[in-house]
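To start, the structure under review is shown below, and the notes come after it.
Heads up: numbering here begins at 1 and tracks the sequence.
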Amino acid sequence: MHNMSDIIEQYLKQLLEEAQGDVVEIKRAHIAEKFDCVPSQLNYVIKTRFTNEHGYAIESKRGGGGYIRISKVETNSQSAFIRHLIELTGDQISQANAFRIVDGLYENDLITDREKKMIVQTLHRDTLQIEIPYRDIIRANILKRILAVIHYS
């Protein structure tokens, strides 16, 4: 059985698939009511599963007429998506953000589940046992090399 976050994520992805132009606009309260959950649960799903690293852009407006607009990042090709991820990685990256990028690679069918697990273990803080910020710099260098291999393969 999936947890509520998984169910909300799947629902939002289905809305995106059905939407014209890869953009969907939702009302936080409406979705929370539909799934009988608190609006903060929807915020959590969007914040963790619909990130730039996963290939999404989020725009929101609060208040009575407020909305959340989720759009698939426009990339004309997998190559453009990889370049976008390399740019997001920067000179240093936290473990959490690196894992989001790896999730994005997997969700976009650029790596297999096995490759995802290997990359996650390579980037994990238990593997890179040195002090921050050096660990985040090394993690970024490793991730950018992996992205380069995926980009040119």
Side-chain angles (χ1 to χ4, degrees), residues 1-26 28 31 35 37 39-61 67-153:
M1 175 102 190
H2 294 288
N3 66 35
M4 184 58 68
S5 294
D6 292 338
I7 293 168
I8 294 170
E9 175 187 13
Q10 288 306 101
Y11 175 74
L12 294 175
K13 285 183 176 178
Q14 180 182 348
L15 288 178
L16 272 166
E17 283 180 19
E18 295 169 357
Q20 299 292 332
D22 288 335
V23 177
V24 67
E25 200 170 282
I26 58 171
R28 188 179 284 111
I31 301 295
F35 291 102
C37 67
S40 62
Q41 178 135 24
L42 177 62
N43 292 344
Y44 168 79
V45 170
I46 290 170
K47 186 176 179 180
T48 60
R49 301 182 187 197
F50 291 88
T51 65
N52 231 311
E53 296 88 351
H54 288 104
Y56 299 96
I58 303 298
E59 181 184 335
S60 67
K61 179 182 172 215
Y67 60 84
I68 298 173
R69 183 176 295 138
I70 304 170
S71 55
K72 195 85 164 125
V73 172
E74 278 299 316
T75 54
N76 296 331
S77 66
Q78 290 180 343
S79 179
F81 181 62
I82 297 291
R83 285 193 306 273
H84 172 72
L85 294 179
I86 290 170
E87 187 176 307
L88 281 175
T89 300
D91 293 332
Q92 57 185 358
I93 190 166
S94 69
Q95 177 175 291
N97 286 337
F99 287 2
R100 285 189 191 107
I101 286 176
V102 174
D103 284 342
L105 293 169
Y106 178 71
E107 289 175 7
N108 286 283
D109 297 321
L110 294 170
I111 59 174
T112 65
D113 184 54
R114 182 171 185 251
E115 291 166 335
K116 175 184 170 184
K117 289 174 183 173
M118 288 189 290
I119 294 168
V120 163
Q121 289 306 309
T122 302
L123 300 175
H124 197 279
R125 71 176 55 93
D126 290 343
T127 304
L128 305 172
Q129 293 185 0
I130 55 175
E131 297 297 315
I132 296 174
Y134 305 111
R135 178 171 56 210
D136 291 347
I137 293 168
I138 291 171
R139 182 181 292 117
N141 287 335
I142 293 168
L143 183 56
K144 285 191 286 190
R145 297 283 187 212
I146 291 169
L147 290 167
V149 168
I150 294 168
H151 183 249
Y152 294 111
S153 295

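Two residues are said to be in side-chain contact when any heavy atoms from C-beta on lie closer than 4.5 Å; Leu105 and Ile82 meet this criterion. In this structure, Arg139 and Arg125 have side chains that are in contact, with non-hydrogen atoms separated by less than 4.5 Å. Leu12 places none of its side-chain heavy atoms less than 4.5 Å from the side chain of Val24. Contact check for Gln92 versus Ile132: no side-chain heavy atoms found under the 4.5 Å cut-off. Taking 4.5 Å as the limit, every side-chain heavy atom of Leu85 sits out of range of all side-chain heavy atoms of Ile150. With a 4.5 Å cut-off on side-chain heavy atoms, Asp103 and Glu53 do not count as touching. Using a 4.5 Å heavy-atom threshold, the side chains of Arg49 and Tyr56 count as separate. Between Ile58 and Ile68, the closest side-chain pair of non-hydrogen atoms falls below 4.5 Å.
Using a 4.0 Å cut-off between charged side-chain N and carboxylate O, Glu9 and Lys13 make a salt bridge.
More than 12 non-hydrogen atoms from other residues, nucleotides or ligands lie less than 6.0 angstrom from CD of Glu18. Open room surrounds CZ on Arg145; 12 or fewer heavy atoms of other groups in view lie less than 6.0 Å from it. Taking a 6.0 Å sphere around CG of Asp113, one finds it holds more than 12 heavy atoms contributed by other residues, nucleotides or ligands.
Atoms CG and CD1, on Leu88 and Ile101 in that order, are 5.5 Å from each other to the nearest 0.5 Å. Atom CZ of Phe50 and atom NZ of Lys72 lie 9.0 Å apart (nearest 0.5 Å). Note that the CG atom of Leu15 and the CD atom of Glu25 stand 12.0 Å from one another [nearest 0.5 Å]. Separating the CD1 atom in Ile142 from the OG1 atom in Thr122 is a distance of 7.0 Å, to the nearest 0.5 Å. For the atom pair CG of Asp136 and CG of Leu143, the computed distance is 11.5 Å after rounding to the nearest 0.5 Å. Put simply, CD on Gln41 and CD1 on Ile7 are 9.5 Å apart, with the number rounded to the nearest 0.5 Å.
In terms of heavy-atom proximity, Ser71 sits nearest to Val23 at CB-CG2, 3.5 Å. Closest non-hydrogen pair, Asn3 versus Asp6, comes out as OD1-N, 2.9 Å. When all heavy atoms of Gly104 and Phe81 are compared, the closest pair comes out as O-CE2, 4.1 Å. Minimum heavy-atom separation, Ala140 to Gly90: CB-O, 3.7 Å. Between Gln78 and Asn108, the shortest heavy-atom distance links the atoms NE2-O, 4.3 Å.
Ser40 places no side-chain N or O within donor-acceptor distance of the main-chain N or O of Asn43, the cut-off being under 3.5 Å. Using modelled atom types, one side-chain atom of Thr127 and one backbone atom of Gln121 make a donor-acceptor pair closer than 3.5 Å.
Between Phe35 and Tyr11, the angle of the ring planes goes over 60°, which puts this pair in the perpendicular group of the 30/60° scheme.
There is no side-chain donor-acceptor pair under 3.5 Å between Gln10 and Gln14. For the 3.5 Å distance criterion, the side chains of Glu115 and Tyr106 fail to qualify, holding no donor opposite an acceptor.
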How far apart are the C-alpha atoms of His84 and Asn52, what are their side-chain angles, what is the distance that settles it, and do they pass the side-chain contact (heavy atoms from CB on, under 4.5 Å) test? CA-CA 9 Å; His84 172 72; Asn52 231 311; 2.9 Å; yes
Test side-chain contact (heavy atoms from CB on, under 4.5 Å) applied to Leu147 and Glu87, step by step: CA-CA 11 Å; Leu147 290 167; Glu87 187 176 307; over 6 Å; no
